[in-house]
Student: 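I'd like to ask some things about the structure below.
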Amino acid sequence: MSSLAQAPALYLVQSVDWLAIAPPTLAAVVGLVVLVADLFVPEARKPLLGWVSVAGLAAAALLLLPLLDGDRSTFCVSTHACSYTADRFTLVIQFLVLGGALLAALLSVTALKDESKKLPEGEYWFLLLSSAAGAALLPASRDLATLIVALEVASLPAFALVGLRYGDRKSSEAALKFFLSSVTATAVSLMGISFVYASTGTLYLTQVADRIQHVDGQLHTLAQTGVVLTLVGFAFKTAAVPFHFWVPDTYVGAPLPIAAYLSVVGKAVGFSGLILVTVVAFPSYADVWGPALAALAALTMTVGNVGALRQQATRAYSAVRLLAWSSVGQAGYLLVPIAAAAYSDDAEHSIGSTVAYALMYAAVNLGAFAVAALVGRTKAANRITDYRGLYATNPLAALLMAFFLLCLAGLPPGIIGLFAKVTVFSAAVDAGLGWLAVIMAVNVVIALFYYLQWTALLFRAPEGDTVAHRLPAPLTAAITLTGVAGIALSGAPQLVLRFADTGLF
């Protein structure tokens with residue numbers, strides 16, 4: 001009798017593995033420290049808050065190293081049901097998230113100085129660190145409640161960051177579009193999760209995977225509806241077509257470092273959540289989400305590349321818009337291996353292809369945004385034509401921008417981009433999705449045109465007077481880090497796939 005009385009206590013009193021949860025926790029704690037310190041730091045010394053934030057993100061990333069030894073789980077109700085798991089998949093995504101946030105922070109140090117009083121520094125750094133903490137929590141989430149909480153902790157500060165500029169109507173409009181689309185996604189996801197919980201009686205992903213196969217016949221339709229609505233909600237978060245309409249205006253209206261952050265970290269959040277709900281929670285419904293994601297992948301890459309192709313080089317903010325549409329197209333490529341996991345006997349390998357592509361894409365896309373931030377310091381409209389003759393004023397920035405664009409196009413010497421495309425292409429072929437591989441190949445050819453057109457512009461003779469682009473130290477560090485990462489990975493691209501081909505199950 002006493003053992004039965006003590007049984008509930010085992011579920012209520014849980015030990016906490018502080019080392020496992022250290023990376024997102026440190027990011028959150030540093031965010032709170034910065035917010036409080038902002039009240040006491042004099043105006044002239046506000047830039048110190050930025051360097052504290054950069055140091056905090058770097059320290060959070062370094063805390064991933066002790067976790068490489070083996071899988072760790074905490075907040076568990078049984079040996080097979082935990083809310084937080086730091087396995088290989090989690091650590092790779094957390095590395096991507098915290099590394100991306102660190103580079104966005106380096107870009108932000110210069111952007112805040114240039115923006116003068118338009119951006120409040122304390123609030124900016126608090127929101128960025130809070131969003132990074134939520135993004136780092138999400139890949140470790142192993143129950144649907146924690147997954148949604150992490151998703152919103154990552155998203156809500158991002159809304160504010162997009163619209164944080166004082167008196168900027170374009171920024172406010174961008175934040176509103178981003179907010180409305182994200183709130184819609186969350187509402188749809190929550191409804192789907194409530195249906196899944198009603199039919200299975202659990203929120204833990206592994207338990208959902210077991211029980212959803214054996215739901216009562218009367219609840220079968222409810223379970224199916226829950227799976228579909230949950231997937232639709234996450235499709236919003238990944239900016240998959242037709243849920244992509246907020247992306248171009250949001251990237252243009254946001255401060256450029258935040259656009260870079262959303263293009264990499266925002267995608268990592270959406271795709272890691274999508275992987276967890278499909279491959280871990282709903283593997284028995286692969287016949288539902290597999291074809292749906294394959295169709296979404298084809299539609300997303302096509303619309304994204306056609307949208308980028310249609311950008312006029314002389315239009316204001318055309319460079320940022322092209323990168324925004326390009327990121328939509330890249331989201332389509334990222335969806336391919338997840339769809340392939342539904343048809344493959346080795347789903348883990350397929351997911352590894354998505355993670356590897358995300359790592360490669362993150363390095364070069366952040367680098368492209370870093371160079372865009374450099375050009376935007378002297379050419380506020382940031383047109384594609386503003387990059388004409390960049391080689392004459394800043395040869396290193398032009399060469400690195402050309403390298404980043406060639407990587408995104410999948411052309412040498414950007415071997416990392418070519419390797420990423422081949423990795424995703426092979427995942428589709430191995431899963432028997434030949435038609436999707438053909439559509440991807442056509443889209444890669446379409447993308448070549450606008451990437452090469454922009455690359456050629458960098459080396460053309462400049463028109464009129466040229467203005468030398470000064471490189472502040474934080475911006476120099478961001479461009480250098482992304483350049484070194486891209487070049488190093490192009491020398492040994494197989495290391496990324498080996499690092500990302502993870503033990504997810």
Side-chain angles (χ1 to χ4, degrees), residues 50-51 53-55 57-65 68 91-111 132 256-257 260-261 263-265 267-268 323 330 355-375 377 387 390-391 393-421 423 451 454-455 458-459 469-500:
W51 291 111
S53 303
V54 169
L57 288 168
L62 288 174
L63 283 174
L64 297 173
L65 296 176
L68 294 174
L91 298 182
V92 173
I93 299 296
Q94 285 182 339
F95 171 75
L96 192 161
V97 164
L98 295 171
L102 175 61
L103 288 166
L106 286 171
L107 296 178
S108 299
V109 171
T110 302
L256 205 54
Y261 176 83
S263 74
V264 171
V265 178
K267 276 190 173 43
L323 288 173
Q330 300 287 347
V355 176
Y357 192 98
L359 286 169
M360 299 174 190
Y361 162 76
V364 296
N365 203 61
L366 283 168
F369 269 103
V371 178
L374 170 66
V375 174
R377 299 184 76 231
Y387 292 76
L390 181 61
Y391 183 76
T393 58
N394 196 317
L396 179 61
L399 288 171
L400 286 175
M401 186 63 167
F403 174 72
F404 296 141
L405 292 173
L406 291 174
C407 283
L408 289 170
L411 289 176
I415 303 300
I416 182 178
L418 177 62
F419 189 78
K421 297 284 194 301
T423 299
Y451 285 131
W454 192 353
T455 303
L458 299 170
F459 301 97
H469 299 281
R470 290 182 64 251
L471 273 170
L475 198 51
T476 303
I479 294 174
T480 303
L481 282 172
T482 52
V484 168
I487 293 168
L489 292 176
S490 287
Q494 70 278 9
L495 293 178
V496 181
L497 192 60
R498 195 177 305 155
F499 179 54

Student: Which pairs would a plain distance check flag for residues 478-486, meaning a side-chain donor or acceptor within less than 3.5 Å of a matching protein atom at least two apart in sequence or in another chain?
Tutor:
from, atom 1, to, atom 2, distance (Å)
T480, OG1, T476, O, 2.6
T482, OG1, A478, O, 3.0
T482, OG1, I479, O, 2.9

Student: Minimum heavy-atom separation for L102 and A58, please, with both atom names.
Tutor: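 Reported closest heavy-atom pair: CD1-N, 4.2 Å.
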Student: Can you name the side-chain contact (heavy atoms from CB on, under 4.5 Å) partners of L411, sequence neighbours left out?
Tutor: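 Only L406, A409, L448, L452 meet the side-chain contact (heavy atoms from CB on, under 4.5 Å) criterion with L411.
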Student: For residues 359-372, which side-chain N or O atoms pair as donor and acceptor with protein atoms under 3.5 Å away, sequence neighbours left out?
Tutor:
from, atom 1, to, atom 2, distance (Å)
Y361, OH, S263, O, 3.3
Y361, OH, N365, ND2, 3.2
N365, ND2, S263, OG, 2.9

Student: With a 4.5 Å cut-off on side-chain heavy atoms, are L374 and M401 touching?
Tutor: no
Student: Please find the pair of heavy atoms, one from L458 and one from A398, that lie closest to each other, and give the distance.
Tutor: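 Reported closest heavy-atom pair: CD1-O, 3.6 Å.
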Student: Among all residues two or more places apart in sequence or in another chain, which pass the side-chain hydrogen bond (donor to acceptor under 3.5 Å, both in side chains) test with Q94?
Tutor: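 By the side-chain hydrogen bond (donor to acceptor under 3.5 Å, both in side chains) rule, Q94 matches Y84.
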Student: Please name the pair of heavy atoms, one in L96 and one in A268, separated by the smallest distance, quoted to 0.1 Å.
Tutor: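 Closest pair (atom of L96, atom of A268, distance): CD2-CB, 3.7 Å.
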Student: Compare every heavy atom of F403 with every heavy atom of P413, then report the nearest pair and how far apart it is.
Tutor: O-CE1, 3.8 Å
Student: When rounded to the nearest 0.5 angstrom, what is the spacing between CZ in F95 and CG in L68?
Tutor: 10.5 Å
Student: Within this structure, what is the OH-CG distance for the pair Y451 and L408, rounded to the nearest 0.5 Å?
Tutor: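 One gets 4.5 Å once the value is rounded to the nearest 0.5 Å.
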Student: Between A132 and V97, what is the shortest heavy-atom contact and its length?
Tutor: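 So the minimum-distance heavy-atom pair works out to O-CG1, 3.9 Å.
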Student: Which distance, rounded to the nearest 0.5 Å, do you find between the CG of L323 and the CZ of F404?
Tutor: 12.0 Å
Student: Among residues at least two apart in sequence or on other chains, which ones pass ring-ring contact (aromatic ring centres under 6.0 Å, His included) with Y387?
Tutor: W454
Student: By side-chain hydrogen bond (donor to acceptor under 3.5 Å, both in side chains), which residues pair with T110, not counting sequence neighbours?
Tutor: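 Partners of T110 under the side-chain hydrogen bond (donor to acceptor under 3.5 Å, both in side chains) test: none.
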Student: What residues, two or more places apart in sequence or in another chain, satisfy side-chain contact (heavy atoms from CB on, under 4.5 Å) together with A477?
Tutor: L106
Student: How far does SG of C407 sit from CZ of F419, to the nearest 0.5 angstrom?
Tutor: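 That separation rounds to 13.5 Å.
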Student: If the condition is side-chain contact (heavy atoms from CB on, under 4.5 Å), which residues does L399 pass it with, not counting sequence neighbours?
Tutor: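 In terms of side-chain contact (heavy atoms from CB on, under 4.5 Å), with neighbours along the sequence ignored, L399 is linked to Y391, F459.
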Student: What are the two closest heavy atoms between A402 and T455, and how far apart are they?
Tutor: CB-CG2, 3.8 Å
Student: Measure the CG-CG distance between L57 and L62 for me, rounded to the nearest 0.5 Å.
Tutor: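 Interatomic distance, L57 CG to L62 CG, rounded to 0.5 Å: 11.0 Å.
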Student: Got a sec, which residues hit side-chain hydrogen bond (donor to acceptor under 3.5 Å, both in side chains) with Y357, two or more places apart in sequence or on another chain?
Tutor: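 Per chain and number, Y357 pairs via side-chain hydrogen bond (donor to acceptor under 3.5 Å, both in side chains) with Q330, K421.
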